[in-house]
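Bear in mind the structure is a predicted one, so any value in this text is a computation, not a measurement. Residue indices begin at 1 and follow the sequence shown.
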Amino acid sequence: MIATFIKKRKHIEEAVNSNEINPQRKRLKIATNKNIDAAVLKWFQEMRAANFQINGPLICGEARQFAVMLDNESFKATNGLLICFRDRHGITFQEIHR
């Protein structure tokens with residue numbers, strides 16, 4: 001396990017420094033559709049900054065729309081995608097107090 005970390009150290013450091021993954025994670029798991037993941041994360045951050053209420057189905061719907069815009073017809077927004085997206089970026093669904 002330590003040998004694997006040492007071997008992949010440069011890749012792990014680059015991923016953390018580029019905010020590709022949450023530094024609190026124990027495993028380095030990168031999205032398979034990086035462009036869709038980045039677009040959904042940017043949208044999520046903008047909506048959160050504007051105090052919009054966001055839920056899982058809304059994120060999946062936006063992911064599908066971004067996939068269509070990026071010509072990825074085989075993309076499927078599943079619950080697994082949502083769970084991995086939340087874990088990857090350290091997102092929790094909390095009530096927004098106004």
Side-chain angles (χ1 to χ4, degrees):
M1 185 156 128
I2 293 174
T4 303
F5 175 76
I6 292 170
K7 187 167 74 173
K8 295 183 178 183
R9 180 180 178 178
K10 188 179 284 189
H11 180 65
I12 293 168
E13 287 176 348
E14 289 173 0
V16 170
N17 290 337
S18 67
N19 292 327
E20 199 170 307
I21 63 164
N22 184 358
Q24 301 298 320
R25 296 210 47 189
K26 293 180 180 178
R27 291 185 176 87
L28 175 65
K29 187 172 181 186
I30 300 172
T32 53
N33 296 306
K34 290 181 186 180
N35 52 0
I36 296 171
D37 188 72
V40 172
L41 180 61
K42 184 171 174 94
W43 170 83
F44 177 82
Q45 291 169 340
E46 289 174 0
M47 294 296 111
R48 219 4 118 76
N51 287 331
F52 283 108
Q53 198 168 15
I54 302 169
N55 57 21
L58 187 59
I59 291 175
C60 288
E62 286 297 317
R64 278 188 225 103
Q65 289 180 359
F66 285 124
V68 169
M69 286 191 283
L70 295 169
D71 293 327
N72 189 340
E73 301 297 326
S74 63
F75 178 81
K76 291 186 170 108
T78 62
N79 284 338
L81 168 105
L82 178 64
I83 292 167
C84 291
F85 178 79
R86 288 177 46 197
D87 290 345
R88 195 170 29 255
H89 300 293
I91 295 171
T92 58
F93 291 128
Q94 300 173 349
E95 189 173 330
I96 298 174
H97 299 285
R98 297 178 189 218

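For the residue pair A77 and C60, the shortest heavy atom distance occurs at CB-O, 3.4 Å. Heavy atoms only, all atoms of each residue included: D37 and F85 are closest at OD1-CD1, 3.1 Å. Closest of all the heavy-atom pairs between A63 and I36 is O-CG2, 3.9 Å.
For the atom pair N33 CG and L81 CG, the distance stands at 8.0 Å (nearest 0.5 Å). Summarising the geometry, atom CD belonging to Q53 is positioned 10.0 Å from atom CZ belonging to R48; distances are rounded to the nearest 0.5 Å.
Hydrophobic cluster membership differs between V68 and L58, with clusters built from Ile, Leu, Val, Met, Phe, Trp and Tyr side chains linked at under 4.5 angstrom. Residue F75 is not grouped with residue I83 when hydrophobic side chains (ILVMFWY) are merged at heavy-atom distances under 4.5 angstrom, including chains of intermediate members. Both L41 and F52 sit in one connected hydrophobic cluster of ILVMFWY residues. Membership requires side-chain heavy atoms under 4.5 Å apart, directly or through other members.
Among residue pairs with one or both ends in residues 54-69, none qualify as side-chain hydrogen bond (donor to acceptor under 3.5 Å, both in side chains); sequence neighbours excluded.
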Is there a side-chain contact (heavy atoms from CB on, under 4.5 Å) between I54 and W43 once you walk through the steps? CA-CA 11 Å; I54 302 169; W43 170 83; 4.2 Å; yes
